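Just below is one structure, and these are the notes that go with it.
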Amino acid sequence: MPRLALLLLCAAYVLPGVFGRDPWRNADITAFGYMLSLAEGRSSWLAPALGGVPAEAALLPHWLGAAFIYLLSPWLDPALAARVPFALLLALVLSLTWYSCFQLARTEAAQPVAFAFGGQAEPVDYARAIADAAVLALIASLGLLQLGHETTPELAQLFAVSLFLWSMAAAPYRVWPARLAAPASLMLVAGSGAPFVAVAIGLGGSVVCAYSTYPQVRRLVPWVVVGTLAAAMLAWALGAWAWRVDARIDAEQLLQIGRLWLWFMWPAWLLALWTLWRWRRHLQNRHVSVPLVTVLVALACSLGMGGSDRALLLGLPGLAVLAAFALPTLNRSTTAGIDWFSMILFTLCAGALWVIYLSVQTDVPAKPAANIARLAPGFVPQFSLLALALALAGTAGWIWLVRWRTGRHRDALWKSLVLPAGGVALCWLLLMTLGLPILDYARSNRPLVERIARHVPPGQCIAAPDQASALVAALEFFGPYEVDARRNGGKTRCNYLVRVEPANAARPPPQGWTRIARERRPTDRNNLIAIYRRDAAR
């Protein structure tokens with residue numbers, strides 16, 4: 001694939017969503033709140049806290065975001081400054097996936113059979129084509145869209161798992177970089193809040209290396225074992241070990257987990273299963289066994305945690321690598337089916353986004369705008385020439401891509417994944433340009449805090465005992481207010497108190513407090529935020 005085309009596609013996938021939006025609830029603004037608290041000195045760097053309540057142990061990602069906030073302030077908005085390193089991490093994940101697949105495709109078992117009279121692909125060219133397909137499969141994975149663009153510890157975990165995947169893949173060719181990357185990646189996984197994943201992929205990787213036919217890979221075993229032990233000790237020192245396994249899984253929950261897996265890993269899981277079937281008698285080959293370790297660990301963690309999508313996220317790079325090795329064995333009818341399905345699906349999605357945008361801006365057609373007004377009361381449409389230009393450029397690129405793919409260019413090995421990846425990138429670009437004002441209004445807590453500010457003067461102290469971390473972070477960032485979220489709200493020195501209450505029932509006020517208002521987030525019909533003032537405060 002031309003390097004410029006692949007880089008432009010990656011940029012169209014990574015950059016939208018970085019600029020021009022607030023931190024979204026719930027995990028996004030919660031993690032950002034801890035980073036902001038560290039950068040502004042409101043909590044210790046060894047014990048991040050929100051409103052006086054300590055965070056779960058995932059120090060390394062919080063330190064990373066806080067460091068960028070501190071270094072880039074006041075030139076960049078804190079929310080944008082925190083997103084910069086995580087956007088870089090996502091770009092590195094794509095890059096490491098490419099290089100991991102490239103190294104695995106260079107192995108003898110992964111190379112195509114040589115023709116009797118020559119004419120087969122050169123080994124390096126073949127490996128590059130397979131690596132291109134792996135990146136396209138990762139971009140096409142639906143589960144990476146939202147979680148890959150948040151400032152959460154899971155993105156740091158994803159980078160660390162991708163680094164471990166690369167160290168295993170590159171061991172025969174990049175001996176010392178692989179030896180250094182393997183233990184470093186395992187420690188990064190543990191320090192980012194996933195110690196069980198670090199230990200599991202470390203043990204699985206050790207077994208794969210021990211049975212390898214490459215002597216350089218077998219000599220990697222001590223490094224992986226040491227990294228696994230170091231990761232376990234680091235997690236113990238940080239207090240990151242926590243039991244998150246949900247043993248009470250019934251049939252209905254299993255069905256929900258199955259549905260999650262189907263759409264979250266789409267479409268890579270289909271191609272990955274085909275790879276496993278075609279190589280079912282040779283699963284010990286490195287291009288299958290190395291990525292399979294990370295996929296199996298992610299699936300086990302997701303199942304053990306009751307269907308956690310954030311645990312499942314960690315298996316996507318390995319799944320993309322497995323999916324790429326299915327392409328050389330697909331027949332023409334299968335690739336044509338993938339192309340037509342992708343072209344119709346993403347063209348319809350893009351068309352729907354354009355119709356909604358035109359309706360909101362011009363009120364023609366009227367029904368989509370009426371639905372937006374009903375679902376997001378108070379939303380005021382915004383027009384951005386830059387956003388419109390980017391959306392038009394992305395749409396033009398999609399039309400060109402469809403014309404290219406439906407033409408006579410059928411020799412490219414990665415051709416079956418270019419429409420799924422391009423369609424996902426297009427829809428994400430349109431969402432983050434044309435649909436960003438609506439999404440930001442619906443998913444940001446800024447409108448809620450603005451309504452609370454009608455009743456609470458700026459700079460006041462607000463008690464929020466036992467309230468969600470996302471609400472506490474929003475009050476501290478958008479207010480800005482000093483927030484006390486500790487459990488015993490009755491002993492707080494704050495003169496104002498907020499708590500979430502059901503919309504259809506008013507709870508009695510706490511003793512010594514008077515309710516002065518009840519406000520709701522514009523898109524929340526179930527709960528209200530009750531605002532109280534201390535009786536002695538005037």
Side-chain angles (χ1 to χ4, degrees), residues 20-33 36 50-51 53 79 146 150 356 359-360 367-382 431 435-487 489-490 492 494-535 537:
R21 70 172 181 90
D22 291 330
W24 289 345
R25 55 175 178 50
N26 291 305
D28 192 23
I29 193 171
T30 298
F32 168 72
L36 186 65
L50 265 180
V53 178
Q146 177 183 329
E150 292 182 345
I356 293 172
S359 177
V360 169
K367 189 171 182 179
N371 291 335
I372 294 294
R374 177 175 53 85
L375 296 174
F379 170 71
V380 178
Q382 303 173 24
L431 275 174
L436 184 57
I438 301 173
L439 280 176
D440 211 29
Y441 184 79
R443 304 211 59 193
S444 171
N445 276 334
R446 183 187 294 271
L448 173 62
V449 176
E450 289 176 348
R451 295 187 176 193
I452 294 175
R454 301 171 185 172
H455 314 282
V456 182
Q460 290 291 317
C461 178
I462 298 179
D466 291 329
Q467 298 305 303
S469 299
L471 176 60
V472 177
L475 290 171
E476 290 188 342
F477 176 56
F478 296 120
Y481 295 107
E482 179 185 353
V483 183
D484 183 1
R486 290 171 294 184
R487 175 164 296 181
T492 182
C494 299
N495 291 326
Y496 293 88
L497 181 145
V498 298
R499 67 180 183 184
V500 178
E501 296 181 354
N504 55 1
R507 296 166 53 187
Q511 185 177 0
W513 298 86
T514 299
R515 184 170 58 240
I516 58 176
R518 299 179 81 199
E519 295 286 357
R520 73 166 78 230
R521 190 165 46 83
T523 55
D524 189 351
R525 300 180 181 274
N526 298 320
N527 296 310
L528 295 171
I529 303 296
I531 307 168
Y532 298 88
R533 184 173 57 209
R534 191 186 295 274
D535 290 341

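Note that the structure is a prediction, hence the values are computed from the model and not measured. Counting from 1, the numbers follow the sequence of the chain as shown.
Sorted by first and then second residue, the salt bridge (charged side-chain N to carboxylate O under 4.0 Å, His left out) pairs with a member in residues 501-513 read R499-E501, E501-R518; sequence neighbours excluded. Within the structure, disulfide (SG to SG under 2.5 Å) contacts touching residues 440-484 (residues at least two apart or in different chains) are C461-C494. Sorted by first and then second residue, the salt bridge (charged side-chain N to carboxylate O under 4.0 Å, His left out) pairs involving residues 455-467 (not counting sequence neighbours) are D466-R487.
When all heavy atoms of T30 and A470 are compared, the closest pair comes out as OG1-N, 3.4 Å. In plain terms, the two heavy atoms of W24 and S444 that are nearest each other are CD1-N, 4.1 Å. When all heavy atoms are compared, the tightest approach of Q467 to V498 is CG-O, 3.8 Å. Across all non-hydrogen atoms, the minimal contact from P508 to Y532 is O-OH, 4.4 Å. Of all heavy-atom pairs spanning I531 and H455, the tightest one is CD1-CD2, 3.7 Å.
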- Query: Stepwise, does the side chain to side chain contact (heavy atoms under 4.5 Å, CB included) test hold for R486 with T492?
  - Reply: CA-CA 9 Å; R486 290 171 294 184; T492 182; 5.6 Å; no
- Could you go step by step and tell me if F478 and I29 meet the side chain to side chain contact (heavy atoms under 4.5 Å, CB included) rule? CA-CA 11 Å; F478 296 120; I29 193 171; 3.7 Å; yes
- Message: Walk me through whether L431 and Q146 qualify under side chain to side chain contact (heavy atoms under 4.5 Å, CB included).
- Response: CA-CA 11 Å; L431 275 174; Q146 177 183 329; over 6 Å; no
- Show your reasoning for whether side chain to side chain contact (heavy atoms under 4.5 Å, CB included) applies to V449 and F477. CA-CA 9 Å; V449 176; F477 176 56; over 6 Å; no
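Atom CD of E150 and atom CZ of F32 lie 14.0 Å apart (nearest 0.5 Å). We find the CD1-CG distance between I462 and L497 to be 9.0 Å, quoted to the nearest 0.5 Å. Considering CH2 of W513 and CZ of R534, their distance stands at 4.0 Å, rounded to 0.5 Å. Here the CG atom belonging to N495 is positioned 11.0 Å from the CG atom belonging to D535, to the nearest 0.5 angstrom. Of the inter-residue distances, the one linking R21 atom CZ with R443 atom CZ reads 8.5 Å to the nearest 0.5 angstrom. The distance from the CD1 atom of I452 to the CG atom of L475 is 5.0 Å, given to the nearest 0.5 Å.
Residues V500 and I529 form a side-chain contact, since some pair of their non-hydrogen atoms from C-beta on lies under 4.5 Å apart. Using a 4.5 Å cut-off on side-chain heavy atoms (C-beta onward), P447 and F379 make no contact. Counting heavy atoms from C-beta on, the side chains of N26 and S469 never come closer than 4.5 Å. You'll find the side chain of T523 stays beyond 4.5 Å of the side chain of L375, heavy atoms only. Within the 4.5 Å cutoff, no side-chain heavy atoms of R25 are placed close to those of L448.
In terms of the salt bridge (Lys or Arg N to Asp or Glu O under 4.0 Å) criterion, residue partners of D22 (sequence neighbours excluded) are, by chain and number, R446. When the salt bridge (Lys or Arg N to Asp or Glu O under 4.0 Å) test is applied to R451, no partner is found at least two apart in sequence or on another chain. Checked against salt bridge (Lys or Arg N to Asp or Glu O under 4.0 Å), R515 has no partners two or more places apart in sequence or in another chain.
A donor-acceptor pair under 3.5 Å is absent between the side-chain atoms of Y481 and the main chain of A474, judged by distance alone. Looking at Q460, its side chain never comes within 3.5 Å of a backbone N or O of P458 through a donor-acceptor pair. Checked by atom type and distance alone, the side chain of S359 pairs as donor or acceptor with a backbone atom of A369 at under 3.5 Å.
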